[in-house]
Protein chains: 2
Amino acid sequence: MLNVSIYVNMCDTYRVMTTESSSSALAIACCAPLERQPLSAGDAVSIARAMKAMSDPARVRLVSIVTSSASGEVCVCDFTDPLGLSQPTVSHHLKILVDAGILHREKRGIWAYYSLIPGALGSLAELLSRV
Amino acid sequence: MLNVSIYVNMCDTYRVMTTESSSSALAIACCAPLERQPLSAGDAVSIARAMKAMSDPARVRLVSIVTSSASGEVCVCDFTDPLGLSQPTVSHHLKILVDAGILHREKRGIWAYYSLIPGALGSLAELLSRV
DNA sequence: CCTTTTCATCGACACTCATCGATATTGGAG
DNA sequence: CTCCAATATCGATGAGTGTCGATGAAAAGG
């Protein structure tokens, strides 16, 4: 299917004019030249996906509880009470954080222990600097 | 209304036991002590809100186009074509980025110029390090 | 075997959000 | 003042998401 843009502005007309002939029209146009190549659509999706993992207050607190733990390992039952959320909801958020590569899950006996993947938050911050 | 937790686990029972009497039950429990205080609910909401602003691929690309611009100023008409989105949708995303304190909007004549607020992305990355 | 405990998954619901077309608003040009 | 171009806002809609209760899965113990 063809991607047809309905919204047409004169700004694009100015761009075509300036690249093909004179540059006198640039002064009154709004089009700004690029200094470097913007992020590709794929890179933007990756960055947005990583940010979305930390875009919920419950998940931010989950990560905070892990980083605040002395042992670095926290089991699910330690999350439910301080957050005031049900156990299925906590498990749901933990899964999102694991899928995003932020938390690590290790099952030992009955309990599931969650720990922070080293450098995960750092690489998340580094992604922001690349935008 | 009273907040009643339906989900009850023995882990909490262990915690009460250890704080009130001996600590022999701690070894078999899953409860981990805290090294420092986790983020408050309010702080978590603030951080999550900031992250949500960058949790959409279109908004990530919008910011990237601004930072890639030689002049540092980009008008709306420069956003629509590379993103393949309609003009109302682009305006919608730009408003979210402005409200989040990431972009600055300046209306000059017919056009609206958007520029990056200095240090906005840096403080966003700094927020992550505080989790 | 059966029971208990922890945790994940499922199904459903309400709510939010990204997107668009239509319309309003603003500012320049004639 | 009238027309037009650029942008913001509105209303609607379909997709996504957070939340929960109910249920399933797995492990430990009797």
Side-chain angles (χ1 to χ4, degrees), chain A residues 3-14 25 28-31 44-45 48-49 51-62 74-81 83-100 103 105-114, chain B residues 3-14 25 28-31 44-45 48-49 51-62 74-81 83-100 103 105-114:
Chain A
N3 191 358
V4 179
S5 174
I6 304 296
Y7 177 72
V8 178
N9 54 46
M10 298 304 295
C11 181
D12 297 328
T13 310
Y14 291 145
I28 63 166
C30 60
C31 306
V45 168
R49 184 153 36 202
M51 294 299 150
K52 181 172 288 187
M54 295 293 287
S55 71
D56 185 274
R59 290 196 287 272
V60 172
R61 296 187 75 185
L62 287 177
V74 185
C75 80
V76 178
C77 63
D78 273 322
F79 291 121
T80 52
D81 266 26
L83 264 65
L85 293 176
S86 71
Q87 175 265 325
T89 302
V90 170
S91 274
H92 165 71
H93 286 306
L94 287 172
K95 177 176 171 56
I96 291 178
L97 290 170
V98 169
D99 291 345
L103 292 187
R105 176 180 180 271
E106 185 183 354
K107 192 77 177 284
R108 284 206 303 269
I110 299 285
W111 295 287
Y113 292 87
Y114 286 88
Chain B
N3 191 358
V4 179
S5 174
I6 304 298
Y7 177 72
V8 179
N9 53 48
M10 297 304 295
C11 181
D12 297 327
T13 310
Y14 292 146
I28 64 165
C30 61
C31 305
V45 168
R49 184 152 36 202
M51 293 299 149
K52 181 172 286 187
M54 295 294 286
S55 70
D56 186 275
R59 291 196 286 271
V60 171
R61 296 187 76 186
L62 287 177
V74 186
C75 80
V76 179
C77 63
D78 274 322
F79 291 121
T80 52
D81 266 25
L83 263 65
L85 294 175
S86 72
Q87 175 265 326
T89 301
V90 171
S91 274
H92 165 70
H93 286 307
L94 287 172
K95 176 176 172 55
I96 291 178
L97 289 170
V98 169
D99 291 344
L103 292 188
R105 176 181 181 272
E106 184 184 354
K107 192 79 178 285
R108 284 207 302 270
I110 299 286
W111 296 287
Y113 292 87
Y114 287 88

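All chains are named by letter (A, B, ...) in the order of the sequence lines, taking the proteins before the strands, and each is independently numbered beginning at 1. The figures here come from the full heavy-atom set of this structure, side chains too, leaving out hydrogens, waters and symmetry mates.
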inquiry  = Give me the atom names and distance for the closest heavy-atom approach of Leu83(B) to Ala58(B).
reply    = CD2-O, 3.7 Å
message = To the closest 0.5 Å, what do you measure between CE (Met54(A)) and NZ (Lys52(B))?
response = 13.5 Å
request  = Classify every nucleotide of nucleotides 22-30 of chain C by which part a protein heavy atom approaches to under 4.0 Å, writing B for the base, S for the sugar-phosphate alone and - for neither, in 5'-to-3' order.
outcome  = B----BS--
Atom pairs, N/O to N/O, protein against nucleotides 12-18 of chain D, distance under 3.5 Å?
{"unit_1": "dT17(D)", "atom_1": "OP1", "unit_2": "Lys52(A)", "atom_2": "NZ", "d": "3.3"}
{"unit_1": "dG18(D)", "atom_1": "OP1", "unit_2": "Arg59(A)", "atom_2": "NH1", "d": "3.4"}
{"unit_1": "dG18(D)", "atom_1": "OP1", "unit_2": "Arg59(A)", "atom_2": "NH2", "d": "3.1"}

note = When rounded to the nearest 0.5 Å, the distance separating CZ of Phe79(A) from CG of Leu62(A) is 5.5 Å
ask   = How close or far is atom P of dA8(C) from atom CG of Asp99(A), stated in whole angstroms?
value = 12 Å
message = Holding to side-chain contact (heavy atoms from CB on, under 4.5 Å), I want the full list of residues that pass it with Ala100(B), two or more places apart in sequence or in another chain.
response = Ala53(B), Ile102(B)
request  = Rounded off to whole Å, could you give me the CG-to-C1' distance for the Asp78(A) and dT6(C) pair?
outcome  = 13 Å
inquiry  = Please find the pair of heavy atoms, one from Pro57(A) and one from Ala44(B), that lie closest to each other, and give the distance.
reply    = O-CB, 3.7 Å
query = Roughly, in whole Å, what's the span from CZ in Phe79(B) to P in dA8(D)?
reply = 10 Å
task = Side chain of Lys95(A) only, please: which of dT9(C), dC7(C), dT7(D) is the nearest?
result = dT9(C)
request  = List for me each residue that meets side-chain contact (heavy atoms from CB on, under 4.5 Å) alongside Arg49(A), sequence neighbours excluded, and say none if there are none.
outcome  = Val45(A)
Validation: residues 89-96 of chain B side-chain donor-acceptor distances under 3.5 Å, sequence neighbours left out:
{"unit_1": "Thr89(B)", "atom_1": "OG1", "unit_2": "Ser86(B)", "atom_2": "OG", "d": "2.9"}
{"unit_1": "Ser91(B)", "atom_1": "OG", "unit_2": "Gln87(B)", "atom_2": "NE2", "d": "3.4"}
{"unit_1": "His93(B)", "atom_1": "ND1", "unit_2": "Arg59(B)", "atom_2": "NH1", "d": "3.1"}

message = Between Arg105(A) and dC7(C), is there a contact of a side-chain N or O with OP1 or OP2 at under 4.0 Å?
response = no
message = So Asp56(B) and Met51(A), do their side chains get closer than 4.5 Å, heavy atoms only?
response = no
query = When we call it a touch if two heavy atoms are under 4.0 Å apart, what does Tyr114(B) touch: a base, just sugar-phosphate, or nothing?
reply = sugar-phosphate
